[in-house]
Amino acid sequence: LVKFKIDDPIGAAPVHGFAGIWGVLAAALFCDPGNLSDGYSFEGEYDRGAQFGQQIVGIVFIILWVGSLSTILFVALMGGKPANRTKFLRVSEEAEAAGLDASEHG
């Protein structure tokens, strides 16, 4: 994130993004075939490799969906003029200088 100059002061993107990806992949890696048939009405031979591939496809679609909607939202919030691009995405300079705790909580 630092390399791409993305501001993430609390590290939410790596924690939620990588942990979420791991959770999706772990479902394929450690799944009990009996639980798979119970949860998804799946019958037949369980192929862990095929399931892992499906989980990767799911991750790609989740990233595309979230990325697309986030882009639409950020473009809509940026405003029109280049000087006002961060109009709705940043606090005022006065609030930033005083600190957000003081401006938000008094």
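Every value quoted in this text rests on a predicted model; they were computed, and no experiment measured them.
The CG atom of Leu25 sits 4.5 Å away from the CZ atom of Phe52 when rounded to the nearest 0.5 Å.
Partners of Ala12 according to the side-chain contact (heavy atoms from CB on, under 4.5 Å) rule, which considers only residues two or more places apart in sequence or in another chain, are Asp8, Ile10, His16.
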Tabulate below the donor-acceptor pairs under 3.5 Å that side-chain atoms of residues 55-74 make, not counting sequence neighbours, or state none.
from: Gln55; atom 1: OE1; to: Gln51; atom 2: NE2; distance (Å): 3.0
from: Gln55; atom 1: NE2; to: Val24; atom 2: O; distance (Å): 2.7
from: Ser68; atom 1: OG; to: Leu64; atom 2: O; distance (Å): 2.7
from: Ser70; atom 1: OG; to: Val66; atom 2: O; distance (Å): 2.8
from: Thr71; atom 1: OG1; to: Gly67; atom 2: O; distance (Å): 2.7

